[in-house]
Amino acid sequence: MPEQTKEMVELVDLRAGYGALPVLHGFSIAVAPGEVAVLLGLNGAGKSTAVKVLCGAVAATGGSVRYRGEEITGCSTAGCVQKGIVMVPEGRRVFGGLSVERNLQVGSWTQRGNRGWVEAQRAHVYEVLPRLAERRDQLAGTLSGGEQQMLAIGRGLMANPSVLVIDEASLGLAPVIVREILKIARNLAEEGTTVILVEQNVGALEVADVGFFVDQGVVTATLRGKELADGELIRSLYLG
Ligand SMILES: Nc1ncnc2c1ncn2[C@@H]1O[C@H](COP(=O)(O)OP(=O)(O)OP(=O)(O)O)[C@@H](O)[C@H]1O
Ligand SMILES: [Mg+2]
């Protein structure tokens, strides 16, 4: 019997790196169902590495990944997606030569054979991301940066995630689009999806239930409640 836990995702004392380069040195976070968690930290802090371990894209050399209380360390990326852990990677990476609609179709591979669900979910994605609905026949390569980010999120939603990880959603986007995307993340959490945002933009804390500051491969501070709006505390953590 797995140990009972209220957490959706737990990364416990993770160690990971690339070849001889160690990056995570005992990285631990816990995120409850339906929360928005934000990982903040400077370039190279290990944020992407940590979420890649969660999604099975980078191997842990120590520690464990738990999902709904189950030990899943070493699960493949495809296995993680099947379980409901879905990553929207950095850099959007939509299929530029395919339409918006076809890109969404590609995201639904875990649900293939379940046509009714795929169609209902696509309708839902268009409701959550109305900018995509207006552009469903447009080639993804001709979308604006913000629209491509929304499409990348929409494609992730087509895999029916319980945990959606979005790496650097706001990078290079205008503030108004960033706010729109953060609001979308918040709304997804209100619907019950657990959302993990990797960000360099401290503004993301406005939609967070929990914020983790990452520095040199470890979590150096965990903020909840009022702390998430404590500008002075956040500045001191971010600027050191
Ligand atoms: N595929 C890789 N091969 C070798 N080293 C890597 C690889 N990916 C990341 N690294 C290194 O691991 C360290 C942590 O990188 P990571 O991408 O986790 O940081 P990050 O916190 O996401 O940074 P950023 O905010 O710039 O995206 C960096 O020193 C980086 O150069
Ligand atoms: Mg990164």
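In listed order, ligands and their atoms are each counted from 1. Note that the numbering runs from 1 along the sequence shown for the chain. Scope of the values below: all heavy atoms of this structure, side chains included, with no hydrogens, waters or symmetry mates.
For the Mg ion (ligand 2), the set of protein N/O/S atoms nearer than 2.8 Å consists of Ser48 OG, ordered by chain and number.
Val198 and Val214 fall within a single hydrophobic cluster, where Ile, Leu, Val, Met, Phe, Trp and Tyr are joined by side-chain heavy atoms under 4.5 Å apart, directly or via other members. Both Val178 and Leu132 belong to a single network of hydrophobic side chains, linked directly or stepwise wherever heavy atoms of I, L, V, M, F, W or Y lie under 4.5 Å apart.
Between Val165 and Cys55, the shortest heavy-atom contact is CG2-SG, 4.1 Å.
Partners of Thr110 according to the side-chain hydrogen bond (donor to acceptor under 3.5 Å, both in side chains) rule, which considers only residues two or more places apart in sequence or in another chain, do not exist here. Remark: Asp215 pairs with no residue by the side-chain hydrogen bond (donor to acceptor under 3.5 Å, both in side chains) rule, at least two apart or across chains.
Side-chain N or O atoms of Lys47 include one that pairs as donor or acceptor with a backbone N or O of Leu42 at under 3.5 Å. For the pair Tyr67 (side chain) and Ile72 (backbone), a donor-acceptor distance under 3.5 Å is absent. Side-chain N or O atoms of Thr77 include none that pairs as donor or acceptor with a backbone N or O of Gly56 at under 3.5 Å. Judged by distance alone, the side chain of Glu147 and the main-chain N or O of Ser144 form a donor-acceptor pair under 3.5 Å.
A distance limit of 4.0 angstrom between heavy atoms and ligand 1 selects the residues Tyr18, Leu21, Val23, Leu42, Asn43, Gly44, Ala45, Gly46, Lys47, Ser48, Thr49, Glu90, Glu168, Gln200.
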